[in-house]
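For reference, the structure discussed in these notes is given below.
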Amino acid sequence: MIDTASFEIRLAQSESDIAASQRLRYRVFVQELGGGGETVDHAAQIEQDALDPLYDHLLLIDRNLPEGEHVVGAYRLLRSDQAQAAGRFYCDGEYDLAPLKRSGRKLLELGRSCVHPNYRGGAAMLLLWNALADYVLAHEVEILFGVASFHGTDPDALAQPLSWLHHHHLAPENLRPRALPEAFQPMDIVSAQDLDRRAAMAAMPNLIKAYLRLGGFVGEGAYIDAPFNTTDVLLLMDTKAMSDKHRAFYTRRFEGRA
């Protein structure tokens, strides 16, 4: 049983913190999910990119573990003011973010979300989301967005969940990013009348289902990330447009479960 009393959650404070999160990302995205590409360093067993030094890294730490292995959950965060200094968001490489940027709203990009397999199904994701809510409130963020991934690159195998997202959860047109043409995959593979909700939900990653429960939307089209062996969708959530129920959930005025 995991000792949750040993947990600490905070932003990365050092290069060693970031390196530990990169090792967790390697464990999850490469070893577990079969990802690859230029961001992977097999010799060092880390997954990294040039944007890592520019992001805030929200970390869940198990103090019972040795230094270097102590990060068991992570989120990578970039606010719109930080992106201006960086020159780009990570998602610019997969989606046309012009509608979001034109909105003039305060944006926060979320990415590289992962939890060590030994810590799933318990308090880990709830703690990360609670800390993320604190961060959003502290920085007065209005729109959260980021890519979330389905494992694999065969759209036919993902026809039900992708089509469900397209028919039921498309973002408002004025805020709707569109996948870049070089890897664009239409998501309306199955017609609305042929959707199977049970099959769609069974194939939907838990992270995506969690955003949908909070009133989240998706962009237009999926993006096939062949090196990473994923099919990505862009999720966004407008904190101003949340219902009272959703906002109460997200800002921690709740008890219980993620």
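Because only heavy atoms are used, hydrogens play no part in the values below, and waters and symmetry mates are left out as well, while side chains stay in.
The side chain to side chain donor-acceptor pair (under 3.5 Å) pairs that include a residue from residues 141-151 are Arg105-Glu142, Ser149-Asp232, where partners are two or more places apart or lie in different chains.
Across all non-hydrogen atoms, the minimal contact from Leu107 to Val141 is C-CG1, 4.2 Å. Closest heavy-atom contact between Ile189 and Pro155: CD1-O, 3.6 Å. When all heavy atoms are compared, the tightest approach of Phe184 to Gly221 is CE1-CA, 3.6 Å. Closest heavy-atom contact between Pro117 and Arg27: CG-NH2, 3.2 Å. Residues Phe150 and Pro205 come closest through the heavy atom pair CE2-CD, 3.2 Å. For the pair Gly152 and Thr231, the tightest heavy-atom approach, listed with the atom from each and the gap, is O-OG1, 2.8 Å.
At least one donor-acceptor pair under 3.5 Å links the side chain of Glu109 to the backbone N or O of Cys91. Within the 3.5 Å criterion, the main-chain N or O of Gly68 finds a donor-acceptor partner in the side chain of Arg23. Although no hydrogens or angles enter the test, the distance criterion places a donor-acceptor pair under 3.5 Å between the side chain of Ser103 and the main chain of Leu100.
Leu77 and Leu235 fall within a single hydrophobic cluster, where Ile, Leu, Val, Met, Phe, Trp and Tyr side chains are chained together by heavy-atom contacts under 4.5 Å. There is a path of hydrophobic side-chain contacts, each under 4.5 Å, that joins Leu58 to Met237. Residue Val40 is not grouped with residue Val71 when hydrophobic side chains (ILVMFWY) are merged at heavy-atom distances under 4.5 angstrom, including chains of intermediate members. Under the 4.5 Å side-chain heavy-atom criterion for Ile, Leu, Val, Met, Phe, Trp and Tyr, Leu51 and Val147 are members of the same hydrophobic cluster. In the hydrophobic clustering of ILVMFWY residues, with side-chain heavy atoms under 4.5 Å counting as a link, Met204 and Met187 come out together.
The distance from atom CG of Leu158 to atom CG of Leu165, rounded to the nearest 0.5 Å, is 10.5 Å. Rounding to the nearest 0.5 Å places CG of Leu110 at 10.0 Å from OH of Tyr55. Atom CG of Leu195 sits about 6.0 Å away from atom OG of Ser163, to the nearest 0.5 Å. With rounding to the nearest 0.5 angstrom, the CG atom of Leu60 is 11.0 Å from the CG atom of Asn130. Atom CZ of residue Arg76 and atom CD of residue Gln22 lie 9.0 Å apart, to the nearest 0.5 angstrom. Arg88 contributes atom CZ, which lies 10.0 Å from atom CG of Leu97 (distance to the nearest 0.5 angstrom).
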(request) Check step by step if salt bridge (charged side-chain N to carboxylate O under 4.0 Å, His left out) holds for Arg10 and Asp17. (result) CA-CA 10 Å; Arg10 58 173 171 79; Asp17 276 347; 2.6 Å; yes
(request) Start with the C-alpha gap between Val190 and His166, add the side-chain angles, then the distance that decides, and say whether side chain to side chain contact (heavy atoms under 4.5 Å, CB included) holds. (result) CA-CA 10 Å; Val190 176; His166 176 88; over 6 Å; no
(request) With ring-ring contact (aromatic ring centres under 6.0 Å, His included) as the test, would you mind laying out the steps for Phe145 and Phe89 before giving the verdict? (result) CA-CA 10 Å; Phe145 73 96; Phe89 290 105; 5.1 Å; yes
(request) Evaluate side chain to side chain contact (heavy atoms under 4.5 Å, CB included) for Leu132 paired with Leu108, printing each intermediate quantity in order. (result) CA-CA 11 Å; Leu132 179 59; Leu108 176 67; 4.1 Å; yes
(request) Might you work through the salt bridge (charged side-chain N to carboxylate O under 4.0 Å, His left out) test for Asp52 and Arg25, ending with a clear yes or no? (result) CA-CA 12 Å; Asp52 272 331; Arg25 283 155 42 179; 3.0 Å; yes
(message) Quick one, Asp96 with Leu180, criterion side chain to side chain contact (heavy atoms under 4.5 Å, CB included). Give me CA distance, side-chain angles, the key distance, then yes/no.
(response) CA-CA 6 Å; Asp96 178 2; Leu180 297 179; 4.2 Å; yes
(message) Under the criterion side chain to side chain contact (heavy atoms under 4.5 Å, CB included), I'd like the reasoning laid out for Lys209 against Met201: C-alpha separation, chi angles, the key distance, then a yes or no.
(response) CA-CA 8 Å; Lys209 285 191 283 191; Met201 290 300 108; 4.3 Å; yes
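In this structure, a donor-acceptor pair under 3.5 Å is absent between the side chains of Asp49 and Thr39. Of the N and O atoms on the side chains of Arg79 and Tyr135, at least one donor lies less than 3.5 Å from an acceptor on the other residue.
Aromatic rings of Phe217 and Tyr211 (six-membered ring for Trp) have centroids beyond the 6.0 Å cut-off, not under it. Tyr26 has its ring centre less than 6.0 Å from the ring centre of His42.
With Cys114 as reference, Leu24 is the one residue of Val72, Leu207, Leu24 to meet the side-chain contact (heavy atoms from CB on, under 4.5 Å) rule. Considering Asp134, Ile61, Leu59, Leu128 in turn, Leu128 is the only one that fulfils the side-chain contact (heavy atoms from CB on, under 4.5 Å) rule with Ile9.
Side chains of Tyr119 and Phe7 form a contact here, defined as non-hydrogen atoms less than 4.5 Å apart. No side-chain heavy atom of Val30 sits less than 4.5 Å from a side-chain heavy atom of Gln45. The shortest distance between side-chain heavy atoms of Leu234 and Val218 does not fall below 4.5 Å. Side-chain contact between Asp62 and His70 is absent, with no heavy-atom pair separated by less than 4.5 Å. Side chains of Leu212 and His169 form a contact here, defined as non-hydrogen atoms less than 4.5 Å apart. Between Arg176 and Leu170 the shortest side-chain heavy-atom distance falls below 4.5 Å.
Arg112 forms a cation-pi arrangement with Phe228, by the criterion of a distance under 6.0 Å to the ring centre and an angle within 45° of the ring axis.
Around CZ of Arg198, the count of heavy atoms belonging to other residues, nucleotides or ligands within 6.0 Å does not exceed 12. For Glu173, the CD atom counts as loosely surrounded, since its 6.0 Å shell holds 12 or fewer non-hydrogen atoms of other residues, nucleotides or ligands.
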